[in-house]
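For reference, the structure discussed in these notes is given below.
By convention here, the first residue in the shown sequence is residue 1.
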Amino acid sequence: MTVFFENVNRVESILRTDPANVYARMDFETCDSYRKVVETIAWGADCTEEEVADLAVSLAREHSLDERLGHVGYYLVAAAERTRRAR
């Protein structure tokens with residue numbers, strides 16, 4: 001089931017290219033929380049989920065030498081936190 005989901009879900013495929021290779025090792029629930037953040041950002045920014053996921057991966061690639069900044073989660077978790085604070 002997981003392999004099928006990974007092959008069909010474009011956002012999942014994109015996030016799995018995380019330069020730090022952390023995303024691919026996370027459990028389903030944590031990955032799902034990241035995908036929900038991508039969905040929320042896309043909805044609020046009037047862009048596609050794929051564009052949001054691509055941007056997170058691109059930002060992480062720009063900082064791939066930094067252990068923290070080189071992980072897509074750094075950008076997605078920070079964005080989620082800013083959203084929570086804005087409410």
Side-chain angles (χ1 to χ4, degrees):
M1 176 72 165
T2 303
V3 173
F4 174 78
F5 179 77
E6 292 166 7
N7 290 330
V8 181
N9 187 296
R10 180 74 180 121
V11 170
E12 178 71 12
S13 296
I14 294 167
L15 293 177
R16 284 188 167 273
T17 65
D18 171 27
N21 198 34
V22 172
Y23 183 87
R25 295 179 285 140
M26 296 185 325
D27 60 52
F28 180 84
E29 290 79 19
T30 306
C31 289
D32 193 45
S33 70
Y34 279 33
R35 288 188 300 270
K36 287 178 181 173
V37 169
V38 168
E39 180 182 359
T40 301
I41 293 169
W43 187 80
D46 194 31
C47 61
T48 68
E49 292 177 26
E50 291 85 355
E51 290 171 323
V52 173
D54 279 331
L55 179 59
V57 170
S58 293
L59 290 168
R61 277 196 187 115
E62 289 176 18
H63 300 88
S64 62
L65 297 178
D66 185 299
E67 190 173 302
R68 214 169 29 107
L69 299 176
H71 170 46
V72 295
Y74 177 84
Y75 305 97
L76 297 176
V77 171
E81 184 59 30
R82 281 192 301 275
T83 301
R84 274 192 285 279
R85 288 182 185 168
R87 289 182 185 167

Just how far is it from atom [atom1] of [X] to atom [atom2] of [Y], taken to the nearest 0.5 Å?
{"X": "Lys36", "Y": "Leu76", "atom1": "NZ", "atom2": "CG", "result": "14.5 Å"}
{"X": "Arg25", "Y": "Thr30", "atom1": "CZ", "atom2": "OG1", "result": "12.5 Å"}
{"X": "Ile41", "Y": "Glu49", "atom1": "CD1", "atom2": "CD", "result": "10.5 Å"}

request  = Check side chain to side chain donor-acceptor pair (under 3.5 Å) between Tyr74 and all other residues, then give those that pass, not counting sequence neighbours.
outcome  =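 Applying side chain to side chain donor-acceptor pair (under 3.5 Å) to Tyr74 gives none.
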Flag the pair [X] / [Y] as yes when at least one side-chain heavy-atom distance between them is below 4.5 Å, and no otherwise.
{"X": "Cys31", "Y": "Arg35", "value": "yes"}
{"X": "Leu69", "Y": "Tyr75", "value": "yes"}
{"X": "Tyr23", "Y": "Thr17", "value": "no"}
{"X": "Glu39", "Y": "Val11", "value": "no"}
{"X": "Glu62", "Y": "Leu59", "value": "yes"}

inquiry  = Please check: side-chain N/O of Ser13 versus main-chain N/O of Asn9, any donor-acceptor pairing under 3.5 Å?
reply    =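 Yes, Ser13 side chain to Asn9 backbone: donor-acceptor pair under 3.5 Å.
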task = Using the rule that two of Ile, Leu, Val, Met, Phe, Trp, Tyr join whenever any of their side-chain heavy atoms come within less than 4.5 Å, decide whether Val57 and Val77 are in one cluster.
result =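 Yes; Val77 is reachable from Val57 via cluster members.
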Presence of salt bridge, Glu12 and Arg16, under 4.0 angstrom =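 Between Glu12 and Arg16 there is a salt bridge, with a charged N closer than 4.0 Å to a carboxylate O.
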request  = For Glu51 and Thr48, work out which heavy atoms get closest and say how close.
outcome  =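 Looking at all heavy atoms of both residues, the closest pair is OE1-N, 2.8 Å.
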query = Can you tell which of Val37, Val38, Ile14, Leu15 makes a side chain to side chain contact (heavy atoms under 4.5 Å, CB included) with Val52?
reply =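 Filter result, single survivor: Val38.
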